[in-house]
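These numbers come from a predicted model, not from an experiment. Index from 1, following the sequence. Scope of the values below: all heavy atoms of this structure, side chains included, with no hydrogens, waters or symmetry mates.
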Amino acid sequence: TNSYSLQSGTFTKIGNRVHFEIYVRLSSLGGTLAGNIAVGPLPFTSANIANNIAICTCWSAGCSFPSGCTYLVGFISPNTNYVEIFGAGSSAGGHLTQANLTSSTQFVVSGSYHV
């Protein structure tokens, strides 16, 4: 039930590596979101290789960070096609949830991963 004023993404696949950029901007935050915030779908599922986690650059506006976090990162776990948004910093980090979002939250995520 969320509304978006912008959803865009591009990718380039070279061999078994995918490079991507995603931009999402909410225009309203409706209903109840369950679980952790993720951005996707990515164009290909990541390789199902144990401990093959890709870390992605993440910029955001209009959201709060989990307690103790000073920046966001994205990560792609094995055998998934989405980027989980995670707060990090000098203390323990945590996933973003609906409590961290507003109706004007924006995310720009870019990175690459193995397929």
Side-chain angles (χ1 to χ4, degrees):
T1 60
N2 298 306
S3 297
Y4 303 90
S5 59
L6 181 73
Q7 297 179 75
S8 70
T10 61
F11 75 92
T12 301
K13 184 175 183 286
I14 302 171
N16 64 0
R17 180 70 46 186
V18 177
H19 306 277
F20 69 94
E21 297 86 28
I22 298 171
Y23 181 24
V24 176
R25 182 172 49 209
L26 292 173
S27 59
S28 72
L29 187 60
T32 301
L33 300 174
N36 302 324
I37 301 302
V39 178
L42 295 171
F44 301 92
T45 298
S46 63
N48 193 13
I49 301 170
N51 302 315
N52 183 39
I53 298 172
I55 301 297
C56 310
T57 302
C58 184
W59 170 89
S60 69
C63 72
S64 62
F65 294 171
S67 178
C69 298
T70 55
Y71 62 94
L72 298 177
V73 296
F75 66 90
I76 305 167
S77 296
N79 200 36
T80 62
N81 71 338
Y82 53 86
V83 181
E84 292 185 66
I85 308 299
F86 192 81
S90 58
S91 63
H95 287 90
L96 257 64
T97 65
Q98 181 177 0
N100 301 108
L101 304 183
T102 67
S103 61
S104 61
T105 296
Q106 301 176 59
F107 291 107
V108 176
V109 183
S110 66
S112 64
Y113 63 101
H114 186 90
V115 295

To the closest 0.5 Å, what do you measure between [atom1] ([X]) and [atom2] ([Y])?
X      : Y     : atom1 : atom2 : answer
Arg25  : Gln7  : CZ    : CD    : 11.0 Å
Leu72  : Leu96 : CG    : CG    : 5.5 Å
Asn52  : Ser46 : CG    : OG    : 7.0 Å
Ser112 : Ile14 : OG    : CD1   : 10.0 Å

Are Ser28 and Ser3 close enough that a side-chain donor and a side-chain acceptor fall under 3.5 Å?
->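 Yes - a donor-acceptor pair under 3.5 Å links their side chains.
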
Compare all side-chain heavy atoms of Val18 with those of Leu42 and state whether any distance is below 4.5 angstrom.
->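 Heavy-atom side-chain distance check fails, nothing below 4.5 Å.
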
With the side chain counted from C-beta on, respond yes when Ile22 and Val108 share a heavy-atom pair under 4.5 Å apart, and no when they do not.
->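 Not touching, per the 4.5 Å side-chain cut-off.
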
List the atom of Cys58, the atom of Gly74, and the distance in Å for their closest heavy-atom pair.
->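 Reported closest heavy-atom pair: CB-N, 4.1 Å.
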
Review item, side-chain donor-acceptor pairs of residues 79-89, under 3.5 Å, at least two apart:
from	atom 1	to	atom 2	distance (Å)
Thr80	OG1	Ser77	O	2.7
Glu84	OE1	His95	NE2	3.1

Assigning hydrophobic clusters by single linkage (Ile, Leu, Val, Met, Phe, Trp, Tyr; side-chain heavy-atom cutoff under 4.5 Å), is [X] placed with [Y]?
X      : Y      : value
Phe65  : Phe75  : no
Tyr4   : Phe107 : yes
Val109 : Leu6   : no
Ile55  : Tyr71  : yes

Checking side chain to side chain contact (heavy atoms under 4.5 Å, CB included) for the pair Ser103/Leu26: CA distance, chi angles, key distance, verdict?
-> CA-CA 6 Å; Ser103 61; Leu26 292 173; 5.8 Å; no

Ignoring hydrogens and angles, tell me if any N or O in the side chain of Thr105 forms a donor-acceptor pair with the backbone of Gly62 under 3.5 Å.
->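 It does hold such a pair.
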
Kindly write out the residues that satisfy ring pair (Phe, Tyr, Trp, His ring centres under 6.0 Å) with Phe44, not counting sequence neighbours, or none if the list is empty.
->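 Partners of Phe44 by the ring pair (Phe, Tyr, Trp, His ring centres under 6.0 Å) criterion, ordered by chain and then number, come out as Phe11.
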
Side chain to side chain donor-acceptor pair (under 3.5 Å) partners for Glu21, two or more places apart =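 Counting only residues at least two positions away or on another chain, Glu21 forms a side chain to side chain donor-acceptor pair (under 3.5 Å) with Thr10.
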
